[in-house]
Student: 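Shown below is the structure under consideration.
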Protein chains: 2
Amino acid sequence: MKEEQYLFIRYLKSKGLKLTSARETVLTAFLKSEGHLSAEDLLAAAKKIDPGLGQATVFRTLKILADAGLAQDACQDEGPRRYEHVYKHSHHDHLICVGCGKLIEFCHPEIEKAQNEIFREFGFQASGHRLELRGLCADCAGKSGKTRE
Amino acid sequence: MKEEQYLFIRYLKSKGLKLTSARETVLTAFLKSEGHLSAEDLLAAAKKIDPGLGQATVFRTLKILADAGLAQDACQDEGPRRYEHVYKHSHHDHLICVGCGKLIEFCHPEIEKAQNEIFREFGFQASGHRLELRGLCADCAGKSGKTRE
DNA sequence: AAGCTTATTGATAATGATTATCAATTTCAA
DNA sequence: TTGAAATTGATAATCATTATCAATAAGCTT
Ligand SMILES: [Mn+2]
Ligand SMILES: [Mn+2]
Ligand SMILES: [Zn+2]
Ligand SMILES: [Zn+2]
């Protein structure tokens, strides 16, 4: 059994929530997937395991996975909310091509450090941040200046 | 007449769009307001000038204002989309208290510089970025560790 | 293992923000 | 002034998400 499953079970117990087969199905589907995925994506994946699974359960379980620290909102500000893995995946920010949607994950230590300075300067206790860079990738900049979105 | 109005009129002409009284009303209401405001906020403000103004027109005009470079999406990832002034307002990022909603605008040159490095490193032509820091302000951290949201 | 309390489920309706549709009205170039 | 074309406000439609609820499943307690 994967570590993530132990964490999930422990989290459920700690909150008095029940370990149900629907939740197991959603977790399994989530662990098998990668990248940024929407509730709809995850529902499709989970239905391959249990075709009877309800959509509402996916939304609900995704929220639990986030609370348990296994998933997090990887919000691009278009379209439906998307989640990504967080357990055993290091922190990163996103660079997105507005031409073709290409997505690059990066981490820039200087930026992370500077962010902490900001928190300190304003007397805030940091809880998170989101940085999204948008532009045209080399391919798209070459072809034309056209953007989608 | 304010500079913003000239810019708006010039933009409309350049796109073959018409200068209508509804659009003037929305622009006037927008220019009188400040901060981050939703379509609903703006509709309320605009209705004080013209009570008959339609909601759809506000959504439509806000989009035009953004295209014209007068407004921009100041997206916090909760709730309805919010716009802020961009003309004669310098670039900044946002620091938000998850406890009380307090919002601080800041600009950190080092971060801006580092972002350009990222764009360069991956061969992207920059078109924008969004950085949002979230945490507890001193007041909220003092009172308790409780977050809203 | 059976009973029992409570959480969970899936279907469905409801919500909130935004966009599409459309007939009536306005704009503005000729 | 005219008339083609854009715009308006009302309204319906859409999309993602959440709420509701009766039926079911979990997991103690015995
Ligand atoms: Mn990512
Ligand atoms: Mn701002
Ligand atoms: Zn691209
Ligand atoms: Zn606060």
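Throughout, protein chains are lettered first and strands after them, A, B, ... in sequence-line order, and every chain is numbered starting at 1. All values derive from a computational prediction rather than experimental measurement.
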Student: Counting side-chain heavy atoms from CB outward, which of dA16(D), dT9(C), dA11(C) is closest to A56(A)?
Tutor: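 Nearest to the side chain of A56(A) among the choices is dA11(C).
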Student: Which nucleotide wins on minimum distance to the side chain of S21(B), given the candidates dT18(C), dT18(D), dT27(C)?
Tutor: dT27(C)
Student: Hey, which of L12(A), L65(A), I9(A) is the one that makes side-chain contact (heavy atoms from CB on, under 4.5 Å) with R23(A)?
Tutor: L12(A)
Student: Regarding G79(B), tell me which of base, sugar-phosphate or nothing describes its non-hydrogen contacts under 4.0 Å with the strands shown.
Tutor: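 No contact.
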Student: Give a yes/no answer on whether the side chain of T20(B) brings an N or O atom under 4.0 Å of OP1 or OP2 in dT8(D).
Tutor: yes
Student: How long is the line joining CG of L43(B) and C1' of dG16(C), in whole Å?
Tutor: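 So the CG-C1' distance, L43(B) to dG16(C), works out to 15 Å.
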Student: Enumerate the ring-ring contact (aromatic ring centres under 6.0 Å, His included) contacts for residues 100-142 of chain A, please, sequence neighbours excluded, ordered by first and then second residue.
Tutor: H91(A)-H129(A)
Student: Could you state the CG-P distance from L62(A) to dT17(D), rounded to the nearest angstrom?
Tutor: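 The answer, rounded to whole Å, is 9 Å.
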Student: dT17(D), dT8(D), dA7(C): which one has an atom nearest the side-chain heavy atoms of A22(B)?
Tutor: dT8(D)
Student: Start at the 5' end of DNA chain D and walk down; is the nucleotide closest to G54(B) or to G16(B) reached first?
Tutor: G16(B)
Student: Categorize K63(A) for me: base, sugar-phosphate, or nothing, with a 4.0 angstrom heavy-atom threshold over every strand shown.
Tutor: sugar-phosphate
Student: Could you state the atom-to-atom distance from CG of L12(B) to P of dA5(D) in whole Å?
Tutor: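 That distance rounds to 20 Å.
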Student: What about K18(A), does its side chain sit under 3.5 Å from the base of dT6(C) through a donor-acceptor pair?
Tutor: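 It does, because a donor-acceptor pair links the side chain of K18(A) to the base of dT6(C) below 3.5 Å.
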Student: For V98(B) and S127(A), work out which heavy atoms get closest and say how close.
Tutor: CG1-OG, 4.2 Å
Student: Return the 5'-most residue of the pair R23(A), K13(B) with respect to DNA chain C, ranking by each residue's nearest nucleotide.
Tutor: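 The answer here is R23(A).
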Student: Tell me which of F59(B) and I64(A) sits closer to the 5' end of DNA chain C, going by the nucleotide each one is nearest to.
Tutor: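 Result: I64(A).
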Student: Less than 3.5 Å apart, any donor N or O on the side chain of H92(A) or E84(A) sitting next to an acceptor on the other?
Tutor: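 Yes - a donor-acceptor pair under 3.5 Å links their side chains.
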Student: Can you confirm whether the side chains of H89(B) and Q72(B) place a donor and an acceptor under 3.5 Å from each other?
Tutor: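 No, no side-chain donor-acceptor contact under 3.5 Å.
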Student: Can you tell which of dG9(D), dT18(C), dG10(C) lies closest to the side chain of T57(B)?
Tutor: dG9(D)
Student: With a 4.0 Å cut-off on heavy atoms, is R60(B) in touch with a base, just the backbone sugar-phosphate, or nothing at all?
Tutor: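 Here R60(B) touches the bases of the nucleic acid.
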Student: Between atom CG in D50(B) and atom P in dA10(D), what is the gap in whole Å?
Tutor: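 Atom CG in D50(B) sits about 10 Å away from atom P in dA10(D).
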Student: Could you tell me whether D41(B) and R82(B) make a salt bridge, using a distance below 4.0 angstrom between a side-chain N and a carboxylate O?
Tutor: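 Answer for the salt bridge query: yes.
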Student: How close or far is atom P of dT18(C) from atom CG of D73(B), stated in whole angstroms?
Tutor: 9 Å
Student: Choose from dT18(D), dG27(D), dT9(C) the nucleotide whose nearest atom is closest to any side-chain atom of L19(A).
Tutor: dG27(D)
Student: Could you tell me how far apart E78(A) (CD) and dA17(C) (P) are, to the nearest whole angstrom?
Tutor: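 After rounding, the reported distance stands at 18 Å.
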Student: Could you state the CD-P distance from Q55(B) to dA12(D), rounded to the nearest angstrom?
Tutor: 14 Å
Student: Round to the nearest Å and state the distance from L17(B) atom CG to dA5(D) atom C1'.
Tutor: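 Distance, rounded to whole Å: 12 Å.
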